[in-house]
Amino acid sequence: MKQKDWFKPRGYRHIDNKITLAEKSVILKKVSNERYVAKHAFLPLLYKTISERKYKKLEYSDGVFYRSHSDRKTGESTKKVRPIHYAAHIDAHIYAYYNHKKLTPAYEDLLRRTPGLSDCISAYRQIPAPEGFRNKSNIHFAKDAFDEIKRRGECMAIAIDVKSFFSTLNHKILLERWKEVLNVKRLPDDHFNVYKSITQFRYINLNDLRTVKGGFDEREIAKYQKNGIDAFFSSMDDFRKRLKAKDFIVRRNQFHKQEDGKRYLVGIPQGLPVSALLANIYMYQFDQAVYNELYLKHKVFYRRYSDDIVLVCNIDQQKFVEEFIRNTISGDLTKLKLSENKTERTLFRYDQIGSTKRLQCYAIDPNGEQKVNVPFNYLGFQFYGYQTLVKNNRISNFYRRMKRVVRRQHLKAEKAKEKNLTDIKVIYKSRLYRLFSYKGIKKRELPNQKRYILTCNNLGYWNRELLELENKHRGNAIKYAYKAAEIMEAPEIKKQYRNHFKILQKTIAKHGFDNQ
């Protein structure tokens, strides 16, 4: 199986200049030099938030109404806000190199010392799939859990979520696990400098770099590009000068925890090339404790995908299993907390349905009440015992995005009419079919991607040069559904999207294009 390359040119704009593929050999000399990394001064991260809107279904006498702003019971906002920090280009390459070349091999060696433990940790790893030509994805990991439920028959499935996972990791525990992975008593200077940059990070709010109108000063950035600089600042001196003038603020790690009357730093930033691996390293002893106690002694099925924990056990083991997880994760091994309100408990048992006997699911609420035919949710799939489906919100998001893109095409066509002084309203359907229909399932060659790079001519002037890169369409939501149906042996998944082409055509017709 082909391994991913640690070097990846990043297209985002940051404090320092972008690094191109041509500079790989120069960057490799730097990031592989332990003395250089040990003394390297990491730049502040850029910070932004990603918001995910959640639509709540509310029943009213006049039908069903969807709203997204608050929860019906608590009144709290349903919008999920995820903080993202991303590193300067040279810093990102250091993190990527230490992730792929230094820490991942050591972590995998550590897992191999406990036979069977490797199967329990799913996320952020390259695990060969049974097909042999690809690595496992969330489809395979969900199938493993559902197959275990089928194998056991009558059982209990428990899905547990860790509360504020990345932003509450204890720094001392992370340091100890880091040393354990490297099998050293003291971190080497280069590793310790990387550790400090992640736990004592500084950051700039991306919004602080925007102008009054809400965008970036593109004219100023264009001036930098003429000198070969594609960044928010013309130089490090310019960065320091504007920092001194208080054009923006460099903040320190915003994650804190109050304990025993003291306030101290916790957490690591999401978005760094090494963050995901460090989360797995942090959980190593917890994984080992659960594996030794629950799996080996009590035959409990255990899987952890980042902060999502799934356990499948006998019905009479439920309370014991939950209590063990709760006590272990809040103990000295991790000092984390569970999101108790997100814990899902699903009972599976055989029921007589008509003339057939089938495995049926029952969701158990915190009061112990059972709701029949409420599925077990895991990694974007719903398992009923007798069938597997894609989660409803994934399908609704697909159609919501489809309608949003068609509407955007409609607005563009209206502007084109005004600009060209014509009555013809044209839509380009090939891209829509590729993104939102069965016609986009197969891989195909697309027109080359157009990228601009900064090049210096013989006279020493920097210009933006158009670079065309090979571009391939790698499928869409329909292809994902078909692949899931094949891997999970669940043809019912295909039926969930059976009307997608009709809905796409109906959405296009709604806007009155002339070339439908």
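Just so you know, residue 1 is the first one in the sequence shown, and it goes up from there. Model, not experiment: these values are computed from the prediction. Hydrogens, waters and symmetry mates are skipped; everything else that's a heavy atom, side chains included, is used.
Val310 places none of its side-chain heavy atoms less than 4.5 Å from the side chain of Tyr305. Between Ile139 and Phe381, some side-chain heavy-atom pair lies under the 4.5 Å cut-off. Ile15 has its side chain within reach of Phe233: a pair of non-hydrogen atoms, C-beta onward, lies under 4.5 Å apart. Between Phe398 and Leu435 the shortest side-chain heavy-atom distance does not fall below 4.5 Å. You'll find the side chain of Tyr97 reaches within 4.5 Å of the side chain of Lys102, heavy atoms only. Considering only heavy atoms from C-beta on, Gln387 stays 4.5 Å or farther from Ile493 through its side chain.
Counting only distance, with no hydrogens or angles, the side chain of Asp217 and the backbone of Glu220 share a donor-acceptor pair below 3.5 Å. Side-chain N or O atoms of His85 include none that pairs as donor or acceptor with a backbone N or O of Tyr203 at under 3.5 Å. At distances below 3.5 Å, not a single donor-acceptor pair connects side-chain atoms of Arg431 with backbone N or O atoms of Lys429. With hydrogens and angles ignored, the 3.5 Å screen pairs no side-chain donor or acceptor of Asn373 with any backbone N or O of Cys361. In this structure, Gln270 contributes its side chain and Phe166 its backbone to no donor-acceptor pair below 3.5 Å. In terms of modelled atom types and a separation under 3.5 Å, the side chain of Asp307 and the main chain of Ser164 share no donor-acceptor contact. Side chain of Asn280 to backbone of Tyr124: no donor-acceptor contact under 3.5 angstrom is found. Distance alone, capped at 3.5 Å, places no donor-acceptor pair between the Lys18 side chain and the His89 backbone. Side chain of Thr168 to backbone of Gly267: no donor-acceptor contact under 3.5 angstrom is found. Between the side chain of Asp161 and the backbone N or O of Thr343 there is no donor-acceptor pair closer than 3.5 Å.
Between Phe7 and His93, a ring centre-to-centre spacing shorter than 6.0 Å is recorded. A ring-centre distance under 6.0 Å is not found for Tyr482 and Tyr497.
Under a 4.0 Å N-O distance rule, the pair Asp365/Arg345 does not qualify as a salt bridge. Taking a cutoff of 4.0 Å between a charged side-chain nitrogen and a carboxylate oxygen, Glu492 and Lys495 do not qualify as a salt bridge.
Phe376 and Tyr378 have parallel rings, their planes meeting at less than 30° on a 0 to 90° scale where 60° marks the start of perpendicular. Using a 30° and 60° split on the angle between ring planes, Phe501 and Tyr433 fall in the tilted class, from 30° to 60°.
Side-chain atoms of Asn397 and Arg394 include no donor-acceptor pair closer than 3.5 Å. Side-chain contact check for Gln360 and Arg358: at least one donor-acceptor pair (N or O, by modelled atom type) lies under 3.5 Å. Counted by atom type alone, Asn135 and Arg125 present zero donor-acceptor pairs between their side chains at under 3.5 Å. Side chains of Tyr47 and Asn207: a donor-acceptor N/O pair is absent below 3.5 angstrom, by distance only.
Pro273 pairs in a side chain to side chain contact (heavy atoms under 4.5 Å, CB included) with only one of the listed residues (Trp6, Tyr86, Tyr95), which is Tyr95.
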_Residue pair Tyr386, Ile353: steps toward the side chain to side chain contact (heavy atoms under 4.5 Å, CB included) verdict_ = CA-CA 11 Å; Tyr386 58 91; Ile353 309 294; over 6 Å; no
*asked:* What verdict does the salt bridge (charged side-chain N to carboxylate O under 4.0 Å, His left out) test give for Asp5 and Lys24, after you've listed the backbone C-alpha separation in whole Å, the side-chain angles of each residue and the deciding distance to 0.1 Å?
replied: CA-CA 11 Å; Asp5 190 359; Lys24 181 177 178 178; 2.7 Å; yes
*asked:* Would Leu169 and Leu174 count as a side chain to side chain contact (heavy atoms under 4.5 Å, CB included) here? Give the steps.
replied: CA-CA 7 Å; Leu169 299 184; Leu174 177 61; 5.7 Å; no
*Check step by step if salt bridge (charged side-chain N to carboxylate O under 4.0 Å, His left out) holds for Glu486 and Lys483.*
CA-CA 5 Å; Glu486 178 188 351; Lys483 184 169 74 170; over 6 Å; no
*asked:* Test side chain to side chain contact (heavy atoms under 4.5 Å, CB included) on Leu110 and Ile281; report intermediate values, then the result.
replied: CA-CA 10 Å; Leu110 194 63; Ile281 290 173; over 6 Å; no
*List the steps, then state whether salt bridge (charged side-chain N to carboxylate O under 4.0 Å, His left out) holds for Lys357 with Asp351.*
CA-CA 6 Å; Lys357 191 176 183 181; Asp351 283 351; over 6 Å; no
*Under the side chain to side chain contact (heavy atoms under 4.5 Å, CB included) rule, what do Ile121 and Tyr284 come out as? Steps first, then yes or no, please.*
CA-CA 9 Å; Ile121 296 95; Tyr284 171 69; over 6 Å; no
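In this structure, CE on Met488 lies 5.0 Å from CZ on Phe146, to the nearest 0.5 angstrom. The CE atom of Met283 sits 13.5 Å away from atom CG of Leu278, with the distance rounded to the nearest 0.5 Å. Here the straight-line distance linking atom OH of Tyr98 with atom CG of Leu277 works out to 14.0 Å at 0.5 Å rounding. Expressed to the nearest 0.5 Å, how far CG of Leu359 lies from CZ of Arg152 amounts to 13.0 Å. With rounding to the nearest 0.5 Å, the separation of CZ in Arg13 from CG in Leu46 is 11.5 Å. Separating the OG1 atom in Thr346 from the CD atom in Gln370 is a distance of 11.0 Å, to the nearest 0.5 Å.
Counting heavy-atom neighbours within 6.0 Å of Arg112 CZ, excluding the residue itself, gives a total above 12. Within a 6.0 Å sphere centred on CD of Glu218, other residues, nucleotides and ligands contribute more than 12 heavy atoms.
Of all non-hydrogen atoms in Ser275 and Pro269, the two that sit nearest each other are OG-O, 2.6 Å. Nearest heavy atom pair, residue Asn99 against residue Thr104, reads O-OG1, 2.6 Å. Pairing each heavy atom of Ser306 with each of Ala123, the nearest pair is N-CB, 3.4 Å. Among all heavy-atom pairs drawn from Ala87 and Leu45, the shortest one is CA-CD2, 3.7 Å. Residues Ile149 and Ala157 share a closest heavy-atom pair of CD1-CB, 3.9 Å.
Under the 6.0 Å distance and 45° angle rule, Arg349 counts as a cation-pi partner of Tyr362.
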